[in-house]
A.B. asks: 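One structure coming up, written as structure tokens, with questions to follow.
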Amino acid sequence: MERTRIAVAGASGLIGSALVRSLTADGHEVVRLVRHAPRSEAEVRWDPERGRVDAAGLAGCSAVVNLAGAGVGDHRWTDAYKRRIHDSRVHGTAALAEAVAALDERPRVFVNGSAMGYYGETGERVVDESAPAGRGFLPELCVEWEAAAEPARAAGVRTAFTRTGLVVARGGGAWGRLFPLFRAGLGGRMGDGRQYWSYIALHDEVAAIRHLLDRDDLSGPFNLTAPEPLTNREITVAMGRVLHRPTLFPVPAPVLRTVLGEMAGDVLGSARVVPKRLLESGFTFAFPGIEDALRAA
């Protein structure tokens with residue numbers, strides 16, 4: 001990809017900050033969407049919950065990447081927090097898509113975040129991008145989230161969606177919480193451990209997003225997950241092996257439901273999601289196995 005100007009929403013998050021580092025290291029000019037008054041030409045004001053964005057700040061961008069949204073695992077899912085999760089994604093995406101569509105000179109590509117939560121509970125069934133949406137809060141959210149990008153697609157902007165799995169990283173996400181527990185010797189399987197977890201190394205997540213930015217022939221949904229999902233039990237064993245710690249403390253399902261509320265369904269649920277379209281496009285994973293991903297983190 002030639003050096004260019006790229007706008008990134010959610011630039012301070014786990015994935016966004018890693019993407020910004022990667023882009024700037026290769027000489028790209030990154031414009032960050034921020035909620036405060038811009039402090040430089042490298043910042044553009046927006047308010048995702050209210051659906052507002054300073055469209056003029058996107059002028060000259062060849063690509064827009066939207067990774068913004070309130071953290072799904074940051075708080076217990078009260079009705080108020082579920083509204084925040086929803087509005088930060090759906091309203092923010094709609095505002096960006098409309099701003100992109102209204103530009104005289106539109107960007108080549110709009111890459112918008114999504115999640116493997118689109119598929120809901122899959123049990124032992126392997127699902128790829130052709131599978132329908134599941135039922136429940138997260139699947140319904142993902143459907144709305146992706147649909148909110150329609151103004152950009154309708155305006156002729158190549159639009160791709162990243163249905164991201166559980167990102168293996170030291171500094172945030174699910175593994176940001178798991179690593180300290182396992183290092184302390186307090187890790188263990190969750191529930192019966194038979195549920196599938198579809199994961200991806202942070203390095204591969206960023207590389208996949210850049211792959212979608214670079215390839216003019218790629219649009220629509222892409223599962224950003226490692227090729228071989230594993231059960232929670234298998235991942236627990238791998239965590240213990242890599243960190244040289246025992247994994248003797250399983251967390252019973254009733255305890256998870258008490259502590260996490262509705263969000264426990266996401267932890268105990270099984271999502272056996274594979275990146276069929278990503279692999280077919282020629283993408284190569286640097287850390288396809290769980291031990292590789294854990295060591296990279």
Side-chain angles (χ1 to χ4, degrees), residues 1-69 87-114 145-164 202 205-222 224 278 281 283:
M1 185 178 186
E2 63 182 20
R3 293 181 181 180
T4 187
R5 177 178 168 92
I6 301 171
V8 178
S12 62
L14 172 66
I15 300 169
S17 58
L19 176 64
V20 169
R21 287 194 300 271
S22 175
L23 291 170
T24 54
D26 285 345
H28 297 287
E29 178 187 356
V30 176
V31 177
R32 297 168 173 82
L33 275 76
V34 297
R35 297 168 185 263
H36 57 257
R39 301 188 181 103
S40 70
E41 293 182 356
E43 294 184 342
V44 173
R45 183 78 174 266
W46 85 318
D47 186 338
E49 280 85 0
R50 291 181 173 83
R52 299 172 184 168
V53 58
D54 179 8
L58 302 179
C61 289
S62 66
V64 175
V65 182
N66 178 26
L67 302 172
D87 292 353
S88 64
R89 286 166 172 75
V90 176
H91 295 176
T93 295
L96 271 178
E98 289 165 6
V100 162
L103 291 172
D104 292 333
E105 186 178 345
R106 301 184 186 102
R108 293 185 304 99
V109 56
F110 181 39
V111 174
N112 199 73
S114 186
W145 192 2
E146 294 182 13
E150 177 58 21
R153 192 203 64 79
V157 178
R158 180 170 65 87
T159 302
F161 303 99
T162 57
R163 292 178 181 169
T164 297
L202 179 59
E205 172 78 13
V206 170
I209 293 172
R210 295 199 56 175
H211 181 71
L212 296 177
L213 289 173
D214 292 347
R215 287 278 299 272
D216 290 335
D217 59 329
L218 302 181
S219 61
F222 288 83
L224 269 56
L278 196 60
S281 74
F283 181 79

A.B. asks: Is the backbone N or O of A101 less than 3.5 Å from a side-chain atom of R106, with the two atoms forming a donor-acceptor pair by type?
C.D. replies: yes
A.B. asks: How close do G69 and S88 get, heavy atom to heavy atom, and via which atoms?
C.D. replies: CA-OG, 3.5 Å
A.B. asks: Closest approach of V31 and G57, non-hydrogen atoms and distance?
C.D. replies: CG1-O, 4.3 Å
A.B. asks: Please identify each residue that fulfils salt bridge (Lys or Arg N to Asp or Glu O under 4.0 Å) with E205, with sequence neighbours left out.
C.D. replies: none
A.B. asks: Could you list the residues that satisfy salt bridge (Lys or Arg N to Asp or Glu O under 4.0 Å) with R52, not counting sequence neighbours?
C.D. replies: none
A.B. asks: When you compare the side chain of L33 with that of V64, does any pair of heavy atoms fall below 4.5 Å?
C.D. replies: no
A.B. asks: So does T164 get a backbone contact from the side chain of T162, meaning a donor-acceptor N/O pair under 3.5 Å?
C.D. replies: no
A.B. asks: With no hydrogens and no angle check, is any side-chain donor or acceptor of R153 less than 3.5 Å from a backbone partner on S219?
C.D. replies: no
A.B. asks: Could you measure the distance from the CZ atom of F222 to the CZ atom of R215? Nearest 0.5 Å is fine.
C.D. replies: 8.5 Å
A.B. asks: List in chain and number order the residues that pass salt bridge (Lys or Arg N to Asp or Glu O under 4.0 Å) with R5, two or more places apart in sequence or in another chain; answer none if no residue qualifies.
C.D. replies: E29
A.B. asks: Please walk me through it: do L96 and L58 pass side-chain contact (heavy atoms from CB on, under 4.5 Å)?
C.D. replies: CA-CA 9 Å; L96 271 178; L58 302 179; 4.2 Å; yes
A.B. asks: Distance-only, no hydrogens or angles: does the R158 side chain make a donor-acceptor pair with backbone N or O of L218 under 3.5 Å?
C.D. replies: yes
A.B. asks: Given V100, which of N66, T159, V157, V109 fulfils the side-chain contact (heavy atoms from CB on, under 4.5 Å) condition?
C.D. replies: V157
A.B. asks: Rounded to the nearest 0.5 Å, how far apart are CG of L278 and CZ of R163?
C.D. replies: 13.0 Å
A.B. asks: Could you report the tightest heavy-atom contact between W46 and A68, atom names first, then the distance?
C.D. replies: CZ2-CB, 3.6 Å
A.B. asks: Please identify each residue that fulfils side chain to side chain contact (heavy atoms under 4.5 Å, CB included) with A97, with sequence neighbours left out.
C.D. replies: F110, P151, A152
A.B. asks: Could you tell me if S22 and R210 have a donor-acceptor pair between their side chains, going purely by distance under 3.5 Å?
C.D. replies: yes
A.B. asks: Work out which heavy atom in A149 is nearest to a heavy atom in F161; give both atom names and the distance.
C.D. replies: CB-CE2, 3.7 Å
A.B. asks: Could you list the residues that satisfy side chain to side chain contact (heavy atoms under 4.5 Å, CB included) with L14, not counting sequence neighbours?
C.D. replies: V167, A169, L202
A.B. asks: Should we count CG of D217 as having more than 12 external heavy atoms under 6.0 Å?
C.D. replies: yes
A.B. asks: Quick one: CD1 on I209 to CG on L19, what's the gap to the nearest 0.5 Å?
C.D. replies: 5.5 Å
A.B. asks: Counting only N and O atoms by type, is there a donor-acceptor contact under 3.5 Å from the side chain of H28 to the main-chain atoms of T4?
C.D. replies: yes
A.B. asks: Using every non-hydrogen atom in the two residues, find where V65 and L213 come nearest and quote the distance to one decimal.
C.D. replies: CG2-CD2, 3.8 Å
A.B. asks: Between CG of L67 and CD1 of I15, what distance do you get to the nearest 0.5 Å?
C.D. replies: 6.0 Å
A.B. asks: Say you draw a straight line from CD of E49 to NE2 of H91; how long is it, rounded to the nearest 0.5 Å?
C.D. replies: 9.0 Å
A.B. asks: Are E98 and V53 packed together at the side-chain level, in the sense that at least one heavy-atom pair is separated by less than 4.5 angstrom?
C.D. replies: no
A.B. asks: Considering residues at least two apart in sequence or located in another chain, which fulfil the side-chain hydrogen bond (donor to acceptor under 3.5 Å, both in side chains) criterion with R89?
C.D. replies: none
A.B. asks: Test your reading of the model: is there a side-chain donor-acceptor pair from R45 to the backbone of R35, 3.5 Å cut-off?
C.D. replies: yes
